[in-house]
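Below: one structure, written as structure tokens.
Side chains are part of it too, since the values below use all heavy atoms of this structure and drop only hydrogens, waters and symmetry mates. Please read these numbers as outputs of a predicted model, since none were measured by experiment.
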Amino acid sequence: WIWGYRETDGIGGKDIYSGSKGAAELVIKSYWHSFIKKMPNIKFGVARAGNVIVAYIREKGAQAVVVSDEQHYNGTTIKPEYMGGVEAVIVLGGDGTMLRAAHSIGTYDVPLMGVNLGTLGFLTEVEESNAYKAIDRLLADDYSIEKRMMIEGRKGETSFSCLNDVVITRAGFSRIIGLNIYVNEQLLDTYEADGVIVATPTGSTGYNLSAGGPIISPKSKAVVVTPISPHSLTSKSVVFDSADRIRIEVVKKRRTQETEAIVSFDGADNIELSAGESVEVTCSKREIRLIKMYDVSFYSVLREKIGGA
């Protein structure tokens with residue numbers, strides 16, 4: 001089925017196609033953001049790509065269904081009744097869209113194939129110009145699967161699985177926050193900084209890289225902790241084994257402000273943090289499976305996307 005794609009003015013509209021589910025079903029997920037309404041050219045580009053792919057899949061004898069976010073979500077994940085028989089998810093967009101799709105499929109072990117309509121596209125391997133060939137190979141089972149580890153971020157009884165990172169940043173402006181970093185309940189360091197990033201190998205090329213953290217091979221089982229703009233000459237990133245349990249405690253810095261920091265999980269699901277509260281990060285039992293069409297190394301992609309050559 002095709003999930004999340006709508007021919008709409010940005011607020012409402014009708015589904016382009018709603019087909020029946022079957023044994024060999026495909027999913028296409030495309031997210032609409034509020035800014036799309038103000039940028040009709042971008043909206044049309046995504047809509048056109050989705051419509052063309054739908055028609056092509058149907059011509060090949062596979063089944064595809066358009067699913068609207070409003071009707072088929074159960075909270076932030078797709079309802080179970082719409083996941084039966086689904087064999088693959090085709091994601092139209094950029095890396096951010098892939099992250100949202102990874103969250104939305106929940107615990108279902110369905111592989112994702114990304115068609116890059118964004119900019120960098122580390123996770124969206126297929127370019128729009130090669131979409132037909134990729135779909136042909138997908139339908140012929142001519143592809144490989146690459147597994148990516150996820151991390152579990154927990155604050156109290158609330159937890160989220162993250163493909164990229166857990167980020168704690170200051171609440172407010174112009175002041176640093178204090179963060180105690182514990183590894184397996186042993187104090188590692190105290191950061192005075194704008195925040196801290198706990199990233200997976202997949203997330204190491206995102207915010208972690210911008211903050212000066214190292215790039216880690218996506219096939220690795222590791223977690224990197226990187227301070228954001230630390231007020232120190234010695235605070236550096238540290239790479240941990242995926243079995244390590246990391247706990248970050250917020251230290252009281254401001255007498256007049258109760259909320260010291262904010263934690264976000266893969267750039268969403270923000271939760272306020274007060275002094276004395278902690279966020280725990282561990283390796284998740286979940287893995288995301290990415291459909292790989294090309295035998296291209298991560299390092300070639302890295303050089304092409306951000307090498308600057």
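Ile176 approaches His231 most closely through the heavy-atom pair CD1-CB, 4.3 Å. The minimum heavy-atom distance linking Ser235 with Pro230 is given by the pair CB-CB, 3.8 Å. The minimum heavy-atom distance between Asp266 and Asn164, with the atom names listed, is OD1-N, 2.7 Å. Between Glu287 and Lys147, the closest heavy-atom pair is OE1-CD, 3.3 Å.
In this structure, the side chains of Asp165 and Asn208 stay at 4.5 Å or more apart for every pair of heavy atoms. Met113 has its side chain out of reach of Lys292: every pair of non-hydrogen atoms, C-beta onward, lies at least 4.5 Å apart. Annotation: side chain of Arg170 is not in contact with side chain of Arg175 (no heavy-atom distance under 4.5 Å). A 4.5 Å side-chain heavy-atom check between Leu209 and Ile215 finds at least one atom pair inside the cut-off.
Apart from Val239 itself, the hydrophobic cluster it occupies contains Ile216, Val224, where clustering links Ile, Leu, Val, Met, Phe, Trp and Tyr at side-chain heavy-atom distances under 4.5 Å.
A cation-pi arrangement is present between Arg247 and Tyr182, with the terminal nitrogen or guanidinium carbon under 6.0 Å from the aromatic centre and inside a 45° cone about the axis.
To the nearest 0.5 Å, the span separating OG1 on Thr190 from CG on Asn180 amounts to 4.0 Å. Here the CG atom belonging to Leu179 is positioned 7.0 Å from the CD1 atom belonging to Ile248, to the nearest 0.5 angstrom.
Each of Glu272, Glu277, Glu280 was checked for a salt bridge (Lys or Arg N to Asp or Glu O under 4.0 Å) with Lys155, and the lone residue meeting it is Glu277.
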